[in-house]
**Q** 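Supplied in structure tokens, the structure appears directly below.
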Amino acid sequence: MAAPHQELVFVPGQRVENNSAGRDINTAGRDNVITNYLTGLRHLRPRPVDPNVVMPPDRFAPPAGFDAALQLIRSTSFLPARSRVIVLRAPESSGRRSAGMRLLADAPVPAGRHFELLPDWDEPDVATLPEERNAAYLLNLRGVASPLPAQFFQDLIHHAGKLETVDSYLVVTASSDVWAGKLPEAATGIRVVDIERPLPHKVVEQYLPAGRVIWLDDPDSSFFKVLPAESAPSEAVRLADVIGRAKGPVDVDRLDEYHGWTDTVRSWFCGGSKDVESRAIRIAGAVLNKAPAAVILDSADVLLRAPEINLPQEPGGLLARPDASKRLEPAGMSFDPASGTAYLVHASQGPALLTYLWTHHIQLSEVLTRWLQEISSGPARGNLDVLAGSLTTLAQTVGISPVFRLVDGWLALNDGGSIDLVGDLLSDLAVHPTLGGKIRPELAKWADGKSQPARQQAIAYAVARKFGRTYTSQALNRVRSLLRSPGNEDVRQRALKALRRLIATPELTALTVDTLVKWISAETEKATVEPDIFLSALSPFQDGKPAPEPLLQTLSQEKETGRAIRRRLIEGWVQVADRDNRTGFVEDALLDWRRAAEANLVPEEPFVDFMVSLGRHMGHMDSLFLKVVKAEGRLKDQLITRIFDDMAIAYDRASEGSTSAGTGITGAP
């Protein structure tokens, strides 16, 4: 009875699967765990939050309708069945998230089991919502522009039932434009509550002592009736902060700050050539706040040399100029000599100045656009993230269109510095709470546009930054588009670099590897990228130099996460080997993994375990596998020994099973 099982194990090319063998045993139980874990990877990533920190109860002004939502989530004798999905519906900028946080805090779940979900999807899908036991989730749909599809409401009924089973809750905050569909009558576990914007005066009261709150109603105060009745809660909080720093009930400077420094900024541009240099430094400080003083001053000098300005230098040139501190002070900036950093004394003056220039000095916009392009590849090259952050703030007030005109100008230069700046800017815009919902779909169009490779390169750069870390699933979809239809080789290389960055980020490794294997495998109707993407993304060497970080993360993670990742790696290798007919390129790629372990670039023991498992799936006598195992090197003997041990265990267990089946005797456990 043993011969057939011996043949199963040792015939070249034959795979040994579903046997209990070695250290990474593919028992049914473990397979279920790994399968469930990988399914969980496709869920929106729960981000732990403490509702009492995000929205403390003593700072919360309950809006009309909120008490009704509280009753739905609390257990009372009159309402024994709690709603598992509660939707807080209100217009944008109505304090929905704050209300959602307070509702989350009231959910009867253990401490530390509160999470926030971001809509990291290109198409809304209830299947991506997590369903862990004893958890409370807030799905914040701020910035989402399109109505949810009808299927979402249908599927939510089933999801509410799952939450009931695991004793968990979901709070959704959305506008009536987004939550526009009707729930079916069967949606007993789902309730929609319309809440109103809290009264601005009540919000201010939560943040200020009574002695300062009365300034709002004091005709002799600078702050008398400055808060419109329709103000958003965030605006009320901003006013409370300004009043909290006021020197007294009459403080013209703080009032001007609340109004966006309108009077102050206008005074800077009242005319005359005397203050031209200070104006240029103010503008440079507005876009490069907290950058090194030398960067700000050099950028200001570039602006002063613009043909439309052309400020003559004093006789003596650099020697005639005062030091950094003396040049910065008239422009309302401070200088830290220890770090060499310069910063605006009032940080809010930066956005106010930029908004004023783009809305009141239209003739300057072309000059400033050209200047921004010039400094991004010149003095500000090392501070592109600061520059991008300032332009993101500008986009909030002047809109996306002027900023995108800047973007097109930078991309037309087609140089690395300009593309990186656009990538930083797109990354900031993509994760912005209000602008992001409009930007992310636009990035999908850019990623598909191979006729504009500079745009594609900027997308890849954005993926490698905050966009990829925050909206990982959407970012990966953009990478797939870039790899399927790159405008040139630079696009492909940048996309690969971004993909490697995501794999090397520990909290994103599992999701990224899982997605990568799906791209190259038959799990989908048609593989969406070429298999060499899998090999390149995980290669421990780039351009002949060690670059082990992506592979290191896949081999070094522990527990269920690590097992799930390595299971997917094995499936990826099997797919690649089958599709590429075991070409030399595939063999060299696997040999690189072994060389990395022998050079201590990745941990040795997890690599050996991985190779044992890979042999079990590819077949221990597979020609490609054997060439890698038998190659000369420090790990050769250890690999051969471990693989023979694994084969022996598989043979013994298979034989025991056969004997038991034939004799009716149960084999040893």
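For the numbers below, each heavy atom of this structure counts, side chains included, while hydrogens, waters and symmetry mates do not. Note that the numbering runs from 1 along the sequence shown for the chain. All of these numbers come straight from a predicted model, not from anything done at the bench.
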**Q** Any heavy-atom pair between the side chains of E116 and N140 that's under 4.5 Å?
**A**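 With C-beta onward as the side chain, the pair touches.
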**Q** Verify, without hydrogens or angle tests, whether T359 (side chain) and T355 (backbone) share a donor-acceptor contact under 3.5 angstrom.
**A**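 Indeed, once roles are kept as given, a pair shorter than 3.5 Å links the two residues.
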**Q** Given D155 and Q151, is the side chain to side chain donor-acceptor pair (under 3.5 Å) satisfied, shown in steps?
**A** CA-CA 6 Å; D155 295 342; Q151 189 62 46; 2.8 Å; yes
**Q** For the side chain of R568 and the backbone of L511, is there at least one donor-acceptor N/O pair under 3.5 Å apart?
**A**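 The answer is no, because no donor-acceptor pair under 3.5 Å joins these two groups.
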**Q** CZ of R279 to CD1 of I309: how many Å apart, nearest 0.5 Å?
**A**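 Taking CZ in R279 and CD1 in I309, the distance rounds to 10.5 Å.
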**Q** Any ion pair linking E374 and R370 (charged N to carboxylate O, less than 4.0 Å)?
**A**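 Salt bridge: no.
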**Q** Restricting to non-hydrogen atoms, name the atom on L141 and the atom on L148 that form the minimum distance, rounded to 0.1 Å.
**A**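 Nearest heavy atoms, L141 then L148: CD1-CD1, 4.2 Å.
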**Q** Roughly how far, to the nearest 0.5 Å, is CG of L421 from CG of L372?
**A**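 Taking CG in L372 and CG in L421, the distance rounds to 8.0 Å.
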**Q** Ignoring hydrogens and angles, tell me if any N or O in the side chain of T128 forms a donor-acceptor pair with the backbone of H43 under 3.5 Å.
**A**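 No, T128 side chain to H43 backbone: no donor-acceptor pair under 3.5 Å.
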**Q** Y356 vs H361 aromatic rings, parallel, tilted or perpendicular, using cut-offs 30° and 60°?
**A**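 Ring orientation of Y356 relative to H361: tilted.
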**Q** Find out whether L353 and R282 are in side-chain contact, i.e. whether some heavy atom of one side chain is under 4.5 Å from a heavy atom of the other.
**A**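 The answer is yes, as the side chains (C-beta and beyond) meet within the 4.5 Å cut-off.
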**Q** If you round to the nearest 0.5 Å, how far is CG of N477 from OG1 of T472?
**A**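 CG of N477 is found 11.0 Å from OG1 of T472.
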**Q** Are any side-chain N or O atoms of Q456 and backbone N or O atoms of A447, one a donor and one an acceptor, separated by less than 3.5 Å?
**A**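 Yes.
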**Q** Would R45 and D120 pass as an ion pair if we require N to O under 4.0 Å?
**A**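 The answer is no: the pair does not qualify as a salt bridge.
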**Q** Kindly indicate, with the supporting measurements, whether the criterion side-chain contact (heavy atoms from CB on, under 4.5 Å) is fulfilled by M333 and I296.
**A** CA-CA 10 Å; M333 301 193 70; I296 292 174; 3.7 Å; yes
**Q** Might you point out which heavy atoms bring A537 and L516 nearest each other, and give the distance in Å?
**A**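 Closest approach of A537 to L516, heavy atoms only: CB-CD2, 4.0 Å.
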**Q** For the residue pair R465 and F467, would you count it as a cation-pi contact if the rule is NZ or CZ under 6.0 angstrom from the ring centre and within 45 degrees of the ring axis?
**A**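 Ring-cation test returns no.
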**Q** If you measure from the Lys or Arg side-chain nitrogens to the Asp or Glu carboxylate oxygens, is any gap between D336 and K290 under 4.0 Å?
**A**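 No, no charged N to carboxylate O under 4.0 Å.
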**Q** Regarding D424 and S427, do their side chains bring together a donor and an acceptor under 3.5 Å, going by distance alone?
**A**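 There is no such pair between these side chains.
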**Q** Does Q575 reach the main-chain N or O of P531 with its side chain, forming a donor-acceptor pair under 3.5 Å?
**A**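 Answer holds: no.
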**Q** Work out which heavy atom in L44 is nearest to a heavy atom in L118; give both atom names and the distance.
**A**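 Heavy atoms of L44 and L118 come nearest at CD1-O, 3.5 Å.
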**Q** Specify the closest pair of heavy atoms between P119 and V144, including all atoms of both residues, with the distance to one decimal.
**A**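 Looking at all heavy atoms of both residues, the closest pair is CG-CG2, 3.9 Å.
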**Q** So L384 and S376, do their side chains get closer than 4.5 Å, heavy atoms only?
**A**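 Yes - at least one pair of side-chain heavy atoms lies under 4.5 Å apart.
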**Q** With side-chain contact (heavy atoms from CB on, under 4.5 Å) as the criterion, how do Y137 and L129 come out once you've worked through the C-alpha distance, each side chain's angles and the decisive distance to 0.1 Å?
**A** CA-CA 9 Å; Y137 303 100; L129 299 176; over 6 Å; no
**Q** Can you confirm whether N383 sits close enough to P292 that some side-chain heavy atom of one is under 4.5 Å from a side-chain heavy atom of the other?
**A**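 Yes; the side chains approach each other to less than 4.5 Å.
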**Q** Determine whether the aromatic ring centres of residues F404 and W446 are separated by less than 6.0 angstrom.
**A**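 Yes.
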**Q** Could you check D514 against R566 for salt bridge (charged side-chain N to carboxylate O under 4.0 Å, His left out), going step by step and ending with a plain yes or no?
**A** CA-CA 10 Å; D514 177 52; R566 287 183 281 282; over 6 Å; no
**Q** Does the side chain of V49 come within less than 4.5 Å of F115's, by heavy atoms?
**A**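 A side-chain contact is absent here, since even the closest heavy-atom pair is not under 4.5 Å.
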**Q** Identify whether the distance between the nearest side-chain nitrogen and carboxylate oxygen of E598 and R595 falls below 4.0 Å.
**A**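 No, this pair does not count.
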**Q** Got a salt bridge between R563 and E558, using NZ or NE/NH1/NH2 to carboxylate O under 4.0 Å?
**A**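 Salt bridge flag = no for E558 with R563.
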**Q** With a 4.5 Å cut-off on side-chain heavy atoms, are W519 and L483 touching?
**A**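 Of all side-chain heavy-atom pairs linking W519 with L483, at least one is under 4.5 Å.
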**Q** Does the separation of the ring centres of W268 and W261 fall below 6.0 angstrom?
**A**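 W268 vs W261: aromatic centres not under 6.0 Å.
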**Q** Going through the checks in order, is the side chain to side chain donor-acceptor pair (under 3.5 Å) test met by Q373 and S418?
**A** CA-CA 7 Å; Q373 293 167 353; S418 298; over 6 Å; no
**Q** We want to know whether S473 and W121 form a side-chain donor-acceptor pair, criterion being a heavy-atom distance below 3.5 angstrom.
**A**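 Checked: S473/W121 side chains show no N/O donor-acceptor pair below 3.5 Å.
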**Q** Is the shortest distance from a Lys or Arg side-chain nitrogen in D122 or R478 to a carboxylate oxygen in the other one below 4.0 Å?
**A**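 A salt bridge is present here (some side-chain N lies under 4.0 Å from a carboxylate O).
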**Q** On a heavy-atom basis, which atom in A462 and which in L426 lie closest, and how many Å separate them?
**A**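 Here A462 and L426 meet closest at CB-CB, 4.2 Å.
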**Q** Answer yes if the side chains of S521 and E571 hold a donor-acceptor pair under 3.5 Å, and no otherwise.
**A**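 Distance-only check fails for S521 and E571.
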**Q** Just verifying a value: how many Å separate S481 OG and K450 NZ, rounded to the nearest 0.5 Å?
**A**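 So the gap between those two atoms works out to 12.5 Å.
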**Q** Is the number of heavy atoms from other residues, nucleotides or ligands under 6.0 Å of R501 CZ greater than 12?
**A**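 For R501, atom CZ is not crowded (no more than 12 foreign heavy atoms under 6.0 Å).
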**Q** As an exercise, state the distance from CG of L138 to CZ of R96, rounded to the nearest 0.5 Å.
**A**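 If I round to the nearest 0.5 Å, the distance is 10.5 Å.
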**Q** Check side chain to side chain contact (heavy atoms under 4.5 Å, CB included) between T392 and all other residues, then give those that pass, not counting sequence neighbours.
**A**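 With sequence neighbours excluded, T392 shows a side chain to side chain contact (heavy atoms under 4.5 Å, CB included) to L425, D428, L429, H432, given in chain and number order.
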**Q** Mark yes when over 12 heavy atoms from residues, nucleotides or ligands other than E442 sit less than 6.0 Å from its CD; otherwise mark no.
**A**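 Buried by this count: over 12 neighbours within 6.0 Å.
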**Q** Run the salt-bridge test on R327 and D301 with the 4.0 Å N-O cut-off and return the result as yes or no.
**A**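 Salt bridge present between R327 and D301.
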**Q** I'd like to know if the side chain of S485 and the backbone of L482 have a donor-acceptor N/O pair within less than 3.5 Å.
**A**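 Answer holds: no.
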**Q** Just by distance, with hydrogens left out, do E489 and Q493 show a side-chain donor and acceptor under 3.5 Å apart?
**A**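 Indeed, the side chains of E489 and Q493 share at least one donor-acceptor pair under 3.5 Å.
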**Q** Apply salt bridge (charged side-chain N to carboxylate O under 4.0 Å, His left out) to residues R494 and D420 and explain how you reach the verdict.
**A** CA-CA 11 Å; R494 281 199 175 222; D420 291 353; 3.0 Å; yes
**Q** Specify whether W179 and F152 have parallel, tilted or perpendicular ring planes, treating 30° as the upper limit for parallel and 60° as the lower limit for perpendicular.
**A**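 The arrangement is perpendicular - the two ring planes meet at more than 60°.
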**Q** Can you give me the closest heavy-atom contact between I459 and L443, atom names plus distance?
**A**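 Closest approach of I459 to L443, heavy atoms only: CD1-CD2, 3.5 Å.
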**Q** Is any side-chain heavy atom of W573 closer than 4.5 Å to a side-chain heavy atom of L624?
**A**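 No, every pair of side-chain atoms sits at 4.5 Å or beyond.
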**Q** Got I375 and P379 here, is their nearest side-chain heavy-atom distance under 4.5 Å?
**A**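 Contact flag for I375/P379 side chains = yes.
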**Q** So how far is it from L591 CG to W593 CH2, rounded to the nearest 0.5 Å?
**A**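 The distance works out to 12.5 Å.
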**Q** Between S539 and F541 (side chain of the first, backbone of the second, donor and acceptor by atom type, cut-off under 3.5 Å), is there such a pair?
**A**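 Judged by distance alone, yes, a pair lies under 3.5 Å.
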**Q** Could you walk me through whether K497 and Y461 pass the side-chain contact (heavy atoms from CB on, under 4.5 Å) test, one step at a time?
**A** CA-CA 9 Å; K497 185 177 180 180; Y461 195 87; over 6 Å; no
**Q** For the backbone of Q557 and the side chain of T561, can you confirm whether one donor and one acceptor N or O come within less than 3.5 Å of each other?
**A**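 Not a single qualifying donor-acceptor pair exists.
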**Q** Would S299 and L288 count as a side-chain contact (heavy atoms from CB on, under 4.5 Å) if you check the C-alpha gap in whole Å, the side-chain angles of each, and the deciding distance to 0.1 Å?
**A** CA-CA 9 Å; S299 297; L288 291 165; 3.5 Å; yes
